[in-house]
Amino acid sequence: MNPVIIANWKMQLGIAESATLTGQLLDHCRNKKPAVTVVLSPSFTALSTIGGLLTGPEIKLGAQDVFWQDRGAHTGEVSPLMLQELGVEYAIIGHSERRALGETDTDVARKTLAALAHGIRPIICLGETAEERSRGQQEDVIRRQLEKTFRSAPPPTRNQVVYIAYEPIWAISPHDAADPEEADRMRLFIRRTLIDFFPADLVESSFMVIYGGSVDAENVTDYVGPGKYRGALVGKTSLDAQKFCQLIQNVGRKFTGD
Ligand code: PGA
């Protein structure tokens, strides 16, 4: 599986701004390393426009959330069927900014199931708060989040991919980036925990552990590379075409060795 770089534009850009940035990224990314999968996650309102611009294989379309029902009386929600209609292939689920508004591990589990059932690759966000970290509880938090997410969900099949994004909440910008060694210890912990839940070969074939939190073009390869995280979820830096493409190039080089 290719390493993956996912842009999370959060609620930062309207439709026209998203289209402008996508145009710039397409220009920059024509020369990107083909070995890196790039995903853009604009706001729901911009998905249709951005999907229309992403006609080639260079860049994929992602959503910032997905609901678990196909249709029904669910005011304000967006279903996996609706996302499918727009060509969405990836969905961020359980971002800490959504969990802070009340999203639970049970919601994350339902959304993960629904995404997989509709061929949308879930990007499940996990991470501890600064307070939990200061109490030394980061592993407990991550284990609980993983356990609750996968307790009710059947394991992915071998041709499905689940992305696990470790995003320590205290390292998401505007906070400072995490120490890469500390971040890597959590990667190993997540892997070990997944192997507690699923057969090791399934973890190998169907899970990709990626990193997020103040990742930029300069520091990305401290976290991402062979034997490290397999990709990154990028907020702030993804809003600048030149810096984001430099980040992608740097990751590509790390994996291809040139
Ligand atoms: P950041 O955001 O790169 O701006 O820290 C990452 C995220 O919240 O997904």
Side-chain angles (χ1 to χ4, degrees), residues 3-13 17-18 21 25 36-44 46-47 50 59-66 88 90-103 107-108 111-112 115 120-130 132-133 138 141-142 145 149 162-180 182-184 186-187 190 208-225 228-251:
V4 65
I5 299 295
I6 300 157
N8 177 9
W9 289 348
K10 307 190 178 183
M11 202 180 69
Q12 302 285 14
L13 305 175
E17 293 162 320
S18 301
L21 180 55
L25 288 172
V36 181
T37 299
V38 178
V39 181
L40 302 185
S41 320
S43 60
F44 282 128
L47 278 172
I50 303 311
I59 304 184
K60 312 279 186 199
L61 189 62
Q64 295 178 21
D65 191 19
V66 57
V88 167
Y90 296 77
I92 298 170
I93 297 176
H95 191 281
S96 56
E97 288 152 14
R98 295 200 54 79
R99 291 180 189 258
L101 296 174
E103 187 153 295
D107 298 338
V108 172
K111 291 178 176 189
T112 301
I120 295 172
R121 295 176 167 196
I123 303 152
I124 303 168
C125 300
L126 314 173
E128 78 283 358
T129 62
E132 288 162 338
R133 174 174 173 250
Q138 52 272 52
V141 171
I142 298 306
Q145 289 177 336
T149 301
V162 174
Y163 295 88
I164 304 290
Y166 173 57
E167 295 206 302
I169 297 168
W170 48 271
I172 291 177
S173 60
H175 302 289
D176 290 337
D179 167 41
E182 182 177 346
D184 209 56
M186 292 306 286
R187 176 185 68 82
I190 290 168
M208 265 178 79
V209 186
I210 66 171
Y211 183 72
S214 303
V215 172
D216 59 28
E218 283 75 44
N219 70 13
V220 65
T221 52
D222 294 342
Y223 305 103
V224 179
K228 301 194 217 177
Y229 285 94
R230 300 277 302 162
L233 182 52
V234 185
K236 191 162 166 241
T237 297
S238 71
L239 297 169
D240 180 312
Q242 205 185 337
K243 289 181 184 161
F244 188 56
C245 285
Q246 189 59 54
L247 184 158
I248 296 163
Q249 289 288 343
N250 292 350
V251 169

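Start at 1 with the first residue, then count along the sequence. Hydrogens, waters and symmetry mates play no part in the numbers below; they use all other heavy atoms, side chains included. Whatever order the structure lists them in is the order used to number ligands and atoms, beginning at 1.
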**Tyr163 and Tyr90 aromatic ring geometry - parallel, tilted or perpendicular at 30°/60° bounds** = tilted
**Asked** Mind checking whether Tyr211 and Tyr223 have parallel, tilted or perpendicular rings, split at 30° and 60°?
**Response** parallel
**Prompt:** Are the side chain of Gln64 and the backbone N or O of Ala91 linked by a donor-acceptor pair below 3.5 Å?
**Reply:** no
**Message:** I'd like to know whether CD of Glu182 has more than 12 heavy-atom contacts from other residues, nucleotides or ligands below 6.0 angstrom.
**Reply:** yes
**Message:** I'd like the contact residues of ligand 1, where contact means a heavy atom below 4.0 Å.
**Reply:** Asn8, Lys10, His95, Glu167, Ile172, Ser173, Gly213, Ser214, Leu233, Val234, Gly235, Lys236
**Asked** Salt-bridged, Lys243 to Asp216, with N to O below 4.0 Å?
**Response** no
**Prompt:** Residues two or more places apart in sequence or in another chain: which of them pass salt bridge (charged side-chain N to carboxylate O under 4.0 Å, His left out) with Glu132?
**Reply:** none
